[in-house]
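See structure below.
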Number of protein chains: 2
Amino acid sequence: MTATDDRIGRPNRRLLPPLPSQAERVAELLREAVIDGDHPPGGRLSEERLCEELGVSRNTLREAFRLLVRERLVVHQMHRGVFVTLPTAEDVRDLFAARRSLELPAVQRAADPAPEALEAVGRAVEEGGAARDTGDWWGVGTANMHFHQALAGLSGSARIDEFMSRILAETRLVFHVMDAPREFHAPYLDWNRRIHTLLVSGDRTAAASELETYLDTSEEQLITAFLAREAPGPA
Amino acid sequence: MTATDDRIGRPNRRLLPPLPSQAERVAELLREAVIDGDHPPGGRLSEERLCEELGVSRNTLREAFRLLVRERLVVHQMHRGVFVTLPTAEDVRDLFAARRSLELPAVQRAADPAPEALEAVGRAVEEGGAARDTGDWWGVGTANMHFHQALAGLSGSARIDEFMSRILAETRLVFHVMDAPREFHAPYLDWNRRIHTLLVSGDRTAAASELETYLDTSEEQLITAFLAREAPGPA
DNA sequence: GATTGAAGTATTGTTCAACAATCCAACGAG
DNA sequence: CTCGTTGGATTGTTGAACAATACTTCAATC
């Protein structure tokens with residue numbers, strides 16, 4: 001109680017980027033690894049192995065785990081360990097319900113279109129096209145994520161942005177449980193471009209309508225693939 | 001690799017409530033304490049003191065801290081410690097932007113009203129009235145939170161619910177930095193009742209319109225109070 | 001007097017090692 | 001084949017130690 005005045009500094013906040021702690025760096029690493037599919041959904045993340053692999057102590061690793069649990073990328077079971085989240089069909093439904101709530105109103109009632117936010121939408125469209133031309137299908141998926149992230153960004157709320165980011169990361173996990181992430185995103189590229197065109201032309205209602213159809217179609221496709229995968233049981 | 005098959009059990013998930021770990025229990029305690037205002041916004045949470053107070057080790061406490069940081073209830077500064085979040089006017093704007101994105105569409109496009117969700121709205125209204133009659137002004141605020149939580153619940157997404165819960169917890173912090181949480185919520189009680197009435201009558205558009213005005217008014221009131229507090233500086 | 005710089009101190013960041021608690025697999029009895 | 005028991009492996013939690021950093025203090029200088 002003597003070394004500090006116990007009060008947060010009001011002025012100089014966010015001047016220089018607060019260098020991340022070890023735990024946050026580890027969490028970032030694991031997050032990318034999980035999203036990229038380096039660890040299969042449902043697989044266990046061994047403390048002992050990851051400690052050694054990442055060169056950090058168990059305590060630090062566990063701090064990182066807590067962060068990922070809160071992002072729903074991994075689940076934690078007492079005395080069993082942490083596992084890469086294995087999304088269910090119900091999760092898919094919930095994820096799309098959340099996306100509808102976030103994306104549709106963002107598109108429909110973007111009162112002042114927020115030039116930079118709209119520009120981000122356009123950039124994502126271009127990114128998708130470039131990735132397709134290269135044959136980088138995983139990149140196409142990434143661009144698609146960026147597109148929808150940009151749509152949610154029209155809301156103009158940093159918290160919404162962050163939430164959307166997590167929703168999309170989870171969605172990405174869904175694609176990993178299906179074995180066909182190849183040309184899965186391809187047909188959606190043109191759809192994205194159409195939505196963007198409608199947006200810049202100012203027809204928000206039409207854009208929202210297109211987006212809604214998009215979401216319905218995508219969800220149904222995923223659910224179908226999911227149920228087909230759950231029923232026969234590959235084991 | 002021998003004691004477990006490294007795969008998460010597909011069936012029996014969520015059968016019995018997974019008893020919370022120590023870190024989660026500590027986080028829950030601290031969360032409530034922060035929301036209830038036991039620790040003033042901007043105040044530091046000393047590791048050493050809390051360790052002793054809660055009877056847990058530093059490592060466990062730090063795990064709990066990570067959870068609260070991710071919920072934005074506390075901020076973490078390297079080598080300085082964790083502080084109860086001191087919201088800024090900008091935070092208030094962002095919080096209300098997020099609430100607009102969540103609550104308005106939930107009210108407006110609640111296609112099938114979801115009977116139990118709508119019932120929760122009614123219960124929050126009653127709860128608020130009861131708290132006012134008792135003179136429990138903090139309880140009135142709690143009921144108000146429940147009301148808006150229930151509105152967001154009309155979306156029917158568990159993830160939206162959880163996100164809304166965090167948004168409201170943060171909003172609660174905002175009220176702590178102002179010294180007048182007494183009859184601040186009182187005028188909003190009737191507003192809530194009116195919105196609920198419109199909802200059960202099926203006039204979603206009118207309900208959304210009322211809600212929008214509500215949010216605009218509330219935000220402006222908070223921002224005004226905030227700027228008045230920041231300008232003169234009580235120190 | 002105000003600013004700068006250099007100790008010294010307090011607090012956090014991270015690791016390590018130990019033990020308790022629990023789960024899992026394998027085994028054996030009925 | 002089913003059901004307990006046992007043993008091994010993994011996680012849950014603690015405590016202490018040391019390194020790294022920020023804050024305070026105080027003296028020196030302009």
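Letters A, B, ... are given to chains in the order of the sequence lines, protein chains preceding strands, and every chain is numbered from 1. Values below: all heavy atoms of this structure, side chains included; hydrogens, waters and symmetry mates excluded.
- Not counting sequence neighbours, the partners of Glu219(B) by the salt bridge (Lys or Arg N to Asp or Glu O under 4.0 Å) test are Arg93(B), Arg100(B).
- The salt bridge (Lys or Arg N to Asp or Glu O under 4.0 Å) check on Arg62(B) picks up Glu63(A), Glu47(B), with sequence neighbours excluded.
- Between His76(B) and dG13(C) there is a side-chain polar atom (N or O) within less than 4.0 angstrom of OP1 or OP2.
- The C1' atoms of five pairs define one axis at each end of the helix from dG1(C)-dC30(D) to dG30(C)-dC1(D), and these two axes lie 20° apart (to 10°).
- With sequence neighbours excluded, the residues forming a side-chain contact (heavy atoms from CB on, under 4.5 Å) with Thr60(A) are Gln22(A), Ala23(A), Val56(A), Ser57(A), listed by chain and number.
- Computed from coordinates, the Glu24(B) CD to dT13(D) P distance equals 9 Å when rounded to whole Å.
- With no hydrogens or angles considered, no side-chain donor-acceptor pair links His148(A) and Tyr188(A) at under 3.5 Å.
- Between the P atom of dA10(C) and the CZ atom of Arg49(B) lies a distance of 17 Å, rounded to the nearest Å.
- OP1 or OP2 of dT22(C) has not a single side-chain nitrogen or oxygen of Arg80(A) nearer than 4.0 Å.
- Every salt bridge (Lys or Arg N to Asp or Glu O under 4.0 Å) that Arg72(B) has, sequence neighbours left out, goes to Glu162(A).
- When rounded to the nearest whole Å, the span between NE2 of His79(B) and C1' of dA22(D) equals 9 Å.
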What are the atom names and distances for every N/O pair under 3.5 Å that joins the protein to nucleotides 14-20 of chain C?
residue : atom : partner  : partner atom : Å
dT14(C) : OP1  : Gln22(A) : N            : 2.8
dT15(C) : OP1  : Gln22(A) : NE2          : 3.1
dT15(C) : OP2  : Ser57(A) : N            : 3.2
dT15(C) : OP2  : Ser57(A) : OG           : 3.2
dT15(C) : OP2  : Thr60(A) : OG1          : 2.5
dC16(C) : N4   : Asn59(A) : ND2          : 2.5

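- Residues meeting the side-chain hydrogen bond (donor to acceptor under 3.5 Å, both in side chains) test with Thr171(A), sequence neighbours left out: none.
- Listed by chain and residue number, Arg31(A) satisfy the salt bridge (Lys or Arg N to Asp or Glu O under 4.0 Å) test with Glu28(A) (two or more places apart in sequence, or in another chain).
- Atom CZ in Phe65(B) sits about 8 Å away from atom P in dT12(C), given to the nearest Å.
- At whole-Å resolution of the value, CD in Glu47(B) and C1' in dA22(D) are 14 Å apart.
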Donor-acceptor pairs are to be reported for all side-chain atoms of residues 34-41 of chain B against protein atoms at under 3.5 Å, with residues two or more places apart or in another chain.
none

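- In this structure, CD of Gln77(B) is placed 17 Å from P of dT11(C), rounded to the nearest angstrom.
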